[in-house]
Amino acid sequence: MKYYPQKLESKWQAFWEKKNLFKAFEDPSREKYYLMEMFPYPSGNIHMGHVRNYTIGDVVARYKRMCGKNVLHPMGWDAFGMPAENAAIENNTHPAKWTYNNINGMKVQLKRMGFSYDWDREFATCDPEYYRWEQLIFLKMYEKGLAYKKRTHVNWCEKCQTVLANEQVENGCCWRHTDQEVSIKEMDSWFLKITDYGEDILDYCDKLPGWPERVLTMQRNWIGKSHGAIIRFPLKDSDEVIEAFTTRQDTVFGATFLCFAPEHPMVREIIKGLPEEGDVLEFVERTLKMDRYMRTADFTAKEGVFAGRYCLNPATGEKIPIFVANFVLPDYGTGAIMAVPTHDQRDFEFAKKYDLPLRVVIKPPGQDLSEETMTEAFVDQGILVNSGPFDGQRNLGALDSIAEYLESKGMGYKTVNYRLKDWGISRQRYWGAPIPIIYCEKCGTVPVPEEDLPITLPLDLDMRPNGGSPLPFSSSFFETICPNCKGKARRETDTMDTFVESSWYFDRYTCPDYTEGPLDQERVNYWMPVDQYIGGIEHAILHLLYSRFYTRVLRDFGYLKVKEPFTNLLTQGMVCKETQECPEHGYLYPQEVKEDCCVRCGTRVNTGNTVKMSKSKKNVVDPQPLIDEYGADTVRMFCLFASPPEKDLEWSDRGVDGSYRFLNRIWRLVTDHIDEITKVPVYEGKDSLPDRLKAVHRKTHQTIKKVTDDIENRFHFNTGISAVMELVNEVTQFLNSKEKKDDTAWSIIREAIETSVVLLSPVVPHITEEMWEMLGHDECLITVPWPEYREDALEVENRLIVLQVNGKVRSRIEVPVSYGEDEIEAKALADERIKHFIDGKPVRKVIVVQKKLVNVVV
RNA sequence: GCCGAAGUGGCGGAACUGGUAGACGCGCUAGGUUCAGGGUCUAGUGGGUGUAUGCCUGUGGGGGUUCGAGUCCCCCCUUCGGCACCA
């Protein structure tokens, strides 16, 4: 009987669906296990990254279910976003139609993979029944001051035609368009006050043992907490004061000038009417025009301009000049810095360039340092000098006392600064959740009354050919009546960042049909938190940080009881493949290469690095043809077998063949011997066995132990699968051997084979169900309990002991397990080969490691 | 520049607490199979050396700790990832 994956996979998928086997029910008497993979953006087709992510999750879901857990394993769609708008313009369809078409297609693909989702909980975030609750949460945040609007400098991506959050800017470029530099625009924007929770989110980074350390490190760095002080510099000839944040208040006596960021609001104010005004304004405008990447690139020269004014160094009382400088960041600290050229390299270079004074305030212990001769800033620790009452102290030791000194004189205070800024969520896009706000000329900004929710996205709009949002041009959408004064008013036409949807979708899976509010207390409190979350490392900051923020907000609103959404996080590696590049024609698809040459020009192609699959590198492998050819089980198995989940997976067509061959091998093992196997019961562990059979029996139970450990503790499916392969090899070898095959032997073989089938079932659920049925079982494999190994089956009579002389392996002996150290040592020293290597030399020491080895030192 | 992860056969990867390095799979070699091909089965497969069931050598490089190091410590190199004028 041949293995036909397509036929048997659709048979079992239909069976599971009919029996509703993956539907989750709330049952407080059972231990819940909430497992989730990051939901996909419905781009059209599933790609290899999805296949890998969801296969890993499915194995865990099926395994936990077999272990008796009440498993929730949902799936849905991250359905708002730009690509729908672009596709709509290109294909002259509507984003909604395009999105729902894609969802339907991808759902078919996911079902074809045999994933064990509870499809009854599926939803798409573009459904008003989902985003209405998101709008409600926004209103509550607005009420509490957690959502606010301000005019500020924001990141703008020309290709997206919208504002981006700080988290969505990578190396100065848009996270979606890595070749599009982000520019700075001043505009009105809605923000969520994630900074209110920054400290708590940071604090809990130490309380998430189930998260990968590197993700936590990235989040800690992103929050960027630093201890320092705000120092107040009085503006000369004015009552105003300039505040500067520093972590080096120990160097305040050496601050010889002050720098503003060009964006700083005081800049325009203080230069009014001065001869320098024109120069300063010209410099500010020139700097603001630069895009963010150019401005912050390390090759960009540090530049500045004198602002024509002075302020007083509060420590020395001296007047120091004020500059505007391009390297000062507007949104870190206060946007103004005190410059200490002697002890900061940037300030040193700036001072040399503009011929500004230097004053040494820290000297290296036991050495001298002078302003005239120093060629770079002295940034190490040392002893304070020229620092009034603090002379002679060690600089680090004086950090606190200098802060206190400034504070006592009203010239500053100790503080903590964060790099984390509030989350900008306004998007000048159409395909997103509308922000439920109304602007009235009389009443100002007015929240939409709760009972008017949802503010639905109108579906009867045509996309604008230039790519902008049609909402500001749709009077039927934006024209409205003020809920307060009933006068004419205008709706907010910006929509929310799509990361808002994904910040709480995991909560909504627990009660997707709930109509009384965002979350059904009873159900959400039963299932949350997510026990295991699985997804790509690319969301280490973005989605995972926002979700932690939202969970805290929802908790404070009383919707949730948990503070952290995800107890355990597994970040799977990328799916990679080598690239091929023609010197003439750039990256090539595999079919464009014949015998290592470009089909177009015949030039020899260069095989490039193995990198993440992407369309632009033309190294993508579409899973669908593979599923069609080999079946879902083979694709699932290869994804798991090629490498452990947290590492990158290198795609290999040959490797897929190997997985397919193995499935054929175990299939033949079952079908070729089905009569002999099914006529005997599974070995019960009672009859005594000849050595060879005992070895098979032992291997069976060793394999259970190994596979369980690999899944339960490490998610190392690759070694688990290897272990089952070994067991199958052992059985095959036994069957090919001349050993007698009586009923006892067949019952041992039955045990080994059935164990292999059960252990493999989370990985390759279809073929194993089919074999399980052939083996005479009528219950579904998913309801079979996960096997436990028998301790007594693991016992051995003899143990292999490795014999070493001076640490080199020279011989091996078998000894009974009952042997003590002395007996093993005696046996080892009596070994012929060991005697030969001792060669009459005096034995200095003999090390005996129980159960393992003997090392003779001569 | 800073932080982190990783470097093991021709390839993907094993080796979990220091104890037989290379499990398992791919590829390759030889052979079997009424063997067209594909498939499948058996044996072999880190390198060197050899008459030898042998010996030497070997986990990016160099030191060290240890009876014993892929594993622990120090220095260096390479690759990948994150952050990067953060005051």
Side-chain angles (χ1 to χ4, degrees), chain A residues 170-172 212-215 217-218 220-222 224 226 228 244-249 251 255 259 261 295-298 300-302 325-329 331-340 343-347 349-350 417-419 537-538 540-541 573-574 576 609-611 637-638 641-644 646-659 661-662 664-665 668 706 709-710 713-714 716 718-726 728-729 732-733 736 800-812 833 844-849 851-858:
Chain A
E170 295 173 354
N171 299 318
E213 200 48 48
R214 62 176 181 144
V215 173
T217 304
M218 281 162 75
R220 285 189 195 104
N221 289 343
W222 187 261
S226 58
F245 174 75
T246 181
T247 55
R248 292 296 306 276
Q249 62 268 29
T251 62
C259 289
R295 183 156 156 207
T296 59
D298 47 10
T300 303
K302 289 171 188 40
N326 64 347
F327 68 91
V328 181
L329 301 172
D331 53 4
Y332 186 79
T334 61
I337 61 161
M338 68 171 203
V340 184
H343 303 293
D344 181 289
Q345 189 57 28
R346 289 161 305 180
D347 297 347
E349 285 164 23
F350 196 87
N417 189 59
Y418 297 89
R419 206 183 83 116
I537 185 78
E538 66 271 20
I541 295 176
M574 298 177 296
C576 299
N609 290 351
T610 299
V611 294
M637 177 155 154
F638 176 71
F641 183 65
S643 72
E646 68 278 7
K647 285 180 64 173
D648 287 349
L649 179 147
E650 189 180 325
W651 190 262
S652 142
D653 294 335
R654 299 241 192 236
V656 180
D657 269 328
S659 296
R661 281 212 288 263
F662 171 73
N664 273 285
R665 219 157 64 228
R668 279 198 307 275
K706 167 85 179 145
D709 181 56
D710 282 344
N713 301 324
R714 310 196 301 160
H716 278 202
N718 55 335
T719 50
I721 294 169
S722 293
V724 180
M725 285 175 167
E726 282 184 59
V728 169
N729 290 348
T732 308
Q733 267 168 28
N736 289 339
L800 185 72
I801 302 289
V802 171
L803 304 184
Q804 299 180 330
V805 177
N806 288 345
K808 284 184 182 162
V809 181
R810 296 302 186 184
S811 183
R812 299 174 175 86
R833 293 188 34 79
R844 293 228 323 263
K845 201 170 172 187
V846 179
I847 289 128
V848 181
V849 182
K851 303 177 189 176
K852 281 200 176 126
L853 61 72
V854 176
N855 188 10
V856 182
V857 187
V858 300

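Values reported hereafter were calculated over all heavy atoms of this structure, with side chains retained and with hydrogens, waters and symmetry mates removed. Throughout, a chain's letter reflects where its sequence line sits, starting with A, and its residues are numbered from 1.
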Quick one: which protein N/O atoms are closer than 3.5 Å to N/O atoms of nucleotides 24-27 of chain B? Pair and distance per line, please.
from: B:rG25; atom 1: OP1; to: A:Arg665; atom 2: NH2; distance (Å): 3.1
from: B:rG25; atom 1: OP1; to: A:Asn729; atom 2: ND2; distance (Å): 3.4
from: B:rC26; atom 1: OP1; to: A:Arg661; atom 2: NE; distance (Å): 3.1
from: B:rC26; atom 1: OP1; to: A:Arg661; atom 2: NH2; distance (Å): 2.8
from: B:rG27; atom 1: OP2; to: A:Arg661; atom 2: NH2; distance (Å): 2.8

Would you mind reading off the distance between [X] atom [atom1] and [N] atom [atom2], rounded to a whole angstrom?
{"X": "A:Met574", "N": "B:rG81", "atom1": "CE", "atom2": "P", "value": "7 Å"}
{"X": "A:Glu650", "N": "B:rC80", "atom1": "CD", "atom2": "P", "value": "14 Å"}
{"X": "A:Gln804", "N": "B:rU20", "atom1": "CD", "atom2": "P", "value": "8 Å"}
{"X": "A:Glu646", "N": "B:rG12", "atom1": "CD", "atom2": "P", "value": "17 Å"}
{"X": "A:Ile541", "N": "B:rG4", "atom1": "CD1", "atom2": "P", "value": "16 Å"}
{"X": "A:Asn718", "N": "B:rC16", "atom1": "CG", "atom2": "P", "value": "13 Å"}

Decide, for B:rG54, between syn and anti: a glycosidic angle within 90° of 0 counts as syn, anything else as anti. anti
By nearest heavy atom, map A:Asp648 and A:Leu329 onto RNA chain B; which one lands nearer the 5' end? A:Asp648
Pairwise 5' ranking along RNA chain B for A:Val857 and A:Ile537, keeping only the more 5' one: A:Val857
Write down the distance separating the [atom1] atoms in [N] and [M], rounded off to the nearest Å.
{"N": "B:rC67", "M": "B:rC28", "atom1": "P", "result": "47 Å"}
{"N": "B:rU8", "M": "B:rU42", "atom1": "P", "result": "31 Å"}
{"N": "B:rA43", "M": "B:rA36", "atom1": "C1'", "result": "25 Å"}
{"N": "B:rA52", "M": "B:rC73", "atom1": "C1'", "result": "42 Å"}
{"N": "B:rA21", "M": "B:rC74", "atom1": "P", "result": "26 Å"}
{"N": "B:rG47", "M": "B:rG4", "atom1": "C1'", "result": "34 Å"}
{"N": "B:rC56", "M": "B:rU40", "atom1": "P", "result": "40 Å"}
{"N": "B:rU17", "M": "B:rG7", "atom1": "P", "result": "15 Å"}

Please tell me which of the listed nucleotides, [options], lies nearest to the side chain of [X]?
{"X": "A:Arg668", "options": "B:rC3, B:rG19, B:rC41", "result": "B:rC41"}
{"X": "A:Asn855", "options": "B:rG19, B:rC85, B:rG4", "result": "B:rG19"}
{"X": "A:Lys706", "options": "B:rC3, B:rC16, B:rC67", "result": "B:rC16"}
{"X": "A:Arg419", "options": "B:rC16, B:rC83, B:rA87", "result": "B:rC83"}
{"X": "A:Thr719", "options": "B:rA15, B:rA87, B:rC16", "result": "B:rA15"}
{"X": "A:Thr247", "options": "B:rA21, B:rG19, B:rA87", "result": "B:rA87"}

When you compare the protein's N or O atoms with those of nucleotides 52-56 of chain B, which come within less than 3.5 Å of each other, and at what distance?
from: B:rC55; atom 1: OP1; to: A:Arg833; atom 2: NH2; distance (Å): 3.2
from: B:rC56; atom 1: OP1; to: A:Arg810; atom 2: NH2; distance (Å): 3.4
from: B:rC56; atom 1: OP2; to: A:Arg810; atom 2: NH1; distance (Å): 3.1

Please evaluate the base of B:rC67 for a donor-acceptor partner in the side chain of A:Lys845 within a cut-off of under 3.5 Å?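 Answer no: no donor N or O sits under 3.5 Å from an acceptor.
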Are the ring centres of A:Phe662 and A:Phe641 closer than 6.0 Å?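 Between A:Phe641 and A:Phe662, which both carry aromatic rings, the centre distance is not below 6.0 Å.
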Should [X] be listed as having a side-chain N or O under 4.0 Å from OP1 or OP2 of [N]?
{"X": "A:Asn664", "N": "B:rU40", "result": "no"}
{"X": "A:Asn736", "N": "B:rU42", "result": "yes"}
{"X": "A:Arg714", "N": "B:rA15", "result": "yes"}

Looking at [X] and [Y], would you say the former's side chain and the latter's main chain have a donor-acceptor pair under 3.5 Å?
{"X": "A:Arg844", "Y": "A:Val857", "answer": "no"}
{"X": "A:Asn326", "Y": "A:Ala301", "answer": "yes"}
{"X": "A:Asp648", "Y": "A:Gly573", "answer": "no"}
{"X": "A:Asn855", "Y": "A:Gly807", "answer": "yes"}

Answer whether the closest heavy-atom distance between the side chains of [X] and [Y] falls below 4.5 Å.
{"X": "A:Met338", "Y": "A:Thr251", "answer": "yes"}
{"X": "A:Ser226", "Y": "A:Tyr418", "answer": "no"}
{"X": "A:Val728", "Y": "A:Met725", "answer": "no"}
{"X": "A:His716", "Y": "A:Glu646", "answer": "yes"}
{"X": "A:Thr246", "Y": "A:Ile337", "answer": "no"}

side-chain contact (heavy atoms from CB on, under 4.5 Å), that's the test. Do A:Gln804 and A:Val856 meet it? Break it down for me. CA-CA 6 Å; A:Gln804 299 180 330; A:Val856 182; over 6 Å; no
Above 12 or not: heavy atoms from other molecules or residues under 6.0 Å from CZ of A:Arg214?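 At most 12 heavy atoms, drawn from other residues, nucleotides or ligands, come within 6.0 Å of this atom.
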Can you tell me how far apart NZ (A:Lys302) and SG (A:Cys259) are? Round to the nearest 0.5 Å.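 A:Lys302 atom NZ to A:Cys259 atom SG measures 11.5 Å (nearest 0.5 Å).
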Taking atom CG of A:Asp347 and atom CZ of A:Arg248, what is their separation to the nearest 0.5 Å?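 Going from the CG atom of A:Asp347 to the CZ atom of A:Arg248 covers 11.0 Å.
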In dot-bracket notation, what is the pairing pattern of RNA chain B, taking Watson-Crick (N1-N3 plus N6-O4 or O6-N4) and G-U wobble (N1-O2 and O6-N3) contacts under 3.5 Å, with [ ] crossing and | for other strands? (((((((..(((......[....)))(((((((.....)))))))((((....))))..(((((..]....))))))))))))....
